[in-house]
Amino acid sequence: MKNKKFLVALVGFLALFLAGCAHSSQKKQNTLPSAKTILTNAQKTKFKSMHANWAEKSSGKIMQKAEAQYVKNPTVVYTNVSTTGNHYKMWIEGKNNYIQMKGTSTNRWFKTKLSKNSSYSVITDNLNNMLVPFTDIAKIFKVKRAGTNYVLIYQGNSKKIWNAIISDSAITSLIGIDLDDVKPIKYNIKIDVDHNYSVNNVKVASTYKDDGKIKTFTMNADQINQIKQLSVPNNIKKSAVDLGKLDKK
């Protein structure tokens, strides 16, 4: 009888022990890293390649939009930019710049030398610091799990977020809009990282008032470190008019 009671007590103890382990395991699984931890580690991501697109709208109409691809080592950049009064495509490879102005009397490509202070050199120099301005205000982000990834989300009108956006040279260069003199209204930020905290994509959207009009801009940086190769098409290299040689004549 004593042995029977002992066995019943042992089974009960094991059941409680296993239930406690299961609860502990589930609690551990449901625990999310802090936004600070995610951003601190995510900003260590080395941006070796990227795709990005951005747009500015006013009254529902697109005022300007652009798409870009970028790879590093060697540096190659491709952009396709449209505004209300202009449309151009551009390739940057090393120190050479190839540009085609659409809507002009000719659709020819032109080749020039790229200056060290060009806006695109600013972008490539500052990509690795894209998330730095958000790290000090990490607490205002919500953290969610998406499969094995983590997603940082902010929706609201915090002045801290706006200051982070306009101080971020990588983002302001990407969207190509002067944000210093506009009145912010609302912003949405979404940063997706994998389980190792490497950045998958960054989305920024903002509504603001500029010259009495309500405008919005959106930026999406994705395909981070997924573009393996990018190069200027050979037909463009061969047909481009070298403006540097024309100046020497």
Side-chain angles (χ1 to χ4, degrees), residues 32-57 64-70 72 75 77 79 116-144 146 149-210 215-225:
L32 295 172
S34 68
K36 181 79 170 182
T37 296
I38 293 173
L39 284 169
T40 300
N41 286 280
Q43 69 183 19
K44 299 174 185 177
T45 303
K46 299 300 181 183
F47 293 91
K48 298 177 182 179
S49 65
M50 179 188 295
H51 168 269
N53 55 60
W54 62 98
E56 181 186 32
K57 295 182 179 180
Q64 61 174 325
K65 64 178 181 177
E67 184 175 9
Q69 293 183 73
Y70 156 79
K72 190 175 184 180
T75 298
V77 181
T79 62
K116 292 182 179 180
N117 297 321
S118 72
S119 60
Y120 290 95
S121 64
V122 172
I123 293 174
T124 56
D125 289 342
N126 288 284
L127 281 176
N128 288 330
N129 299 318
M130 181 183 289
L131 301 181
V132 171
F134 298 107
T135 305
D136 290 337
I137 55 173
K139 289 183 179 179
I140 68 178
F141 284 90
K142 291 182 178 179
V143 180
K144 292 186 177 181
N149 296 345
Y150 300 110
V151 182
L152 294 176
I153 298 173
Y154 176 80
Q155 294 179 329
N157 58 359
S158 169
K159 191 174 181 180
K160 292 179 179 179
I161 281 286
W162 182 255
N163 289 337
I165 292 173
I166 63 176
S167 69
D168 197 323
S169 55
I171 290 178
T172 54
S173 297
L174 278 173
I175 61 177
I177 303 170
D178 184 3
L179 300 173
D180 290 333
D181 299 322
V182 306
K183 184 178 180 181
I185 299 174
K186 188 178 180 180
Y187 353 101
N188 296 285
I189 312 288
K190 186 177 180 182
I191 301 168
D192 185 294
V193 304
D194 66 17
H195 63 284
N196 293 318
Y197 305 127
S198 294
V199 182
N200 290 322
N201 60 65
V202 178
K203 294 181 179 180
V204 177
S206 180
T207 304
Y208 56 95
K209 197 170 186 178
D210 184 22
K215 298 181 179 180
T216 62
F217 77 72
T218 56
M219 185 211 77
N220 181 31
D222 58 14
Q223 297 180 36
I224 295 170
N225 297 337

> Drop me the distance from Lys65's NZ to Glu56's CD, to the nearest 0.5 angstrom.
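Reported value, rounded in 0.5 Å steps: 14.0 Å.
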> Evaluate Tyr197 against Thr45 for side-chain contact (heavy atoms from CB on, under 4.5 Å), listing each step before the verdict.
CA-CA 8 Å; Tyr197 305 127; Thr45 303; over 6 Å; no
> To check you understand the geometry: which heavy-atom pair defines the closest contact between Ser158 and Tyr187, and what is its length?
O-CE1, 2.9 Å
> For Met130 versus Val202, what's the shortest heavy-atom pair and its separation?
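The answer is SD-CG2, 4.0 Å.
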> Which pair of non-hydrogen atoms, one from Pro133 and one from Ser167, has the smallest distance, and what is that distance?
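For Pro133 and Ser167, the tightest heavy-atom pair comes out as CB-OG, 3.8 Å.
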> Between Ala35 and Ala138, which heavy-atom pair has the shortest distance, and what is it?
CB-O, 3.2 Å
> So, applying side-chain contact (heavy atoms from CB on, under 4.5 Å) with Tyr154, which one of Val204, Ile140, Asn188 is it?
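For Tyr154, the side-chain contact (heavy atoms from CB on, under 4.5 Å) test succeeds with only one of Val204, Ile140, Asn188, which is Ile140.
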> Nearest 0.5 Å, what's the OG-CD1 distance between Ser206 and Ile189?
7.5 Å
> If only side-chain N and O atoms count, and only distance matters, is there a donor-acceptor pair under 3.5 Å linking Asn220 with Asp222?
yes
> How long is the gap from CG on Asn201 to CD1 on Ile224, to the nearest 0.5 Å?
6.5 Å
> Which distance, rounded to the nearest 0.5 Å, do you find between the NZ of Lys36 and the CD1 of Ile137?
10.0 Å
> Counting distance only, does the side-chain N/O of Asp194 pair as donor-acceptor with the main-chain N or O of Asn196 below 3.5 Å?
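Yes: the side chain of Asp194 pairs with the backbone of Asn196.
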> Does the side chain of Lys190 reach to within under 4.5 Å of the side chain of Val151, using non-hydrogen atoms?
yes
> A quick test of your reading: do over 12 heavy atoms of other residues, nucleotides or ligands sit less than 6.0 Å from NZ of Lys215?
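For Lys215, atom NZ is crowded (more than 12 foreign heavy atoms under 6.0 Å).
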> Can you tell me how far the NZ atom of Lys48 sits from the CG atom of Asn225, to the nearest 0.5 Å?
6.5 Å
> Rounded to the nearest 0.5 Å, what separation is found between the NZ atom of Lys57 and the OG1 atom of Thr207?
11.0 Å
> Taking all non-hydrogen atoms of both residues into account, name the closest pair between Phe47 and Tyr70 and its distance.
O-CE2, 3.7 Å
> I'd like to check Leu39 versus Ile191 (side-chain heavy atoms, cut-off strictly below 4.5 Å). Are they in contact?
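Touching, per the 4.5 Å side-chain cut-off.
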> Taking the side chain as every heavy atom from C-beta outward, state whether Val143 and Leu152 have any pair of such atoms under 4.5 Å apart.
yes
> Relative to each other, are the rings of Tyr208 and Phe217 parallel, tilted or perpendicular (30° and 60° limits)?
tilted
> Would you confirm whether Thr75, through its side chain, and Lys72, through its main-chain N or O, come within 3.5 Å as a donor-acceptor pair?
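No, the answer is negative, given that no donor and acceptor are paired below the 3.5 Å cut-off.
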> Using modelled atom types and a 3.5 Å cut-off, is there a donor and acceptor pairing between side-chain atoms of Thr40 and backbone atoms of Thr37?
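Not confirmed, Thr40 side chain does not pair with Thr37 backbone.
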> For the residue pair Ala42 and Val193, what are the closest heavy atoms and their distance?
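Reported closest heavy-atom pair: CB-CG1, 4.0 Å.
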> Would a 4.5 Å heavy-atom cut-off, applied to side chains only, mark Ile38 and Leu32 as touching?
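Answer no - side chains too far apart.
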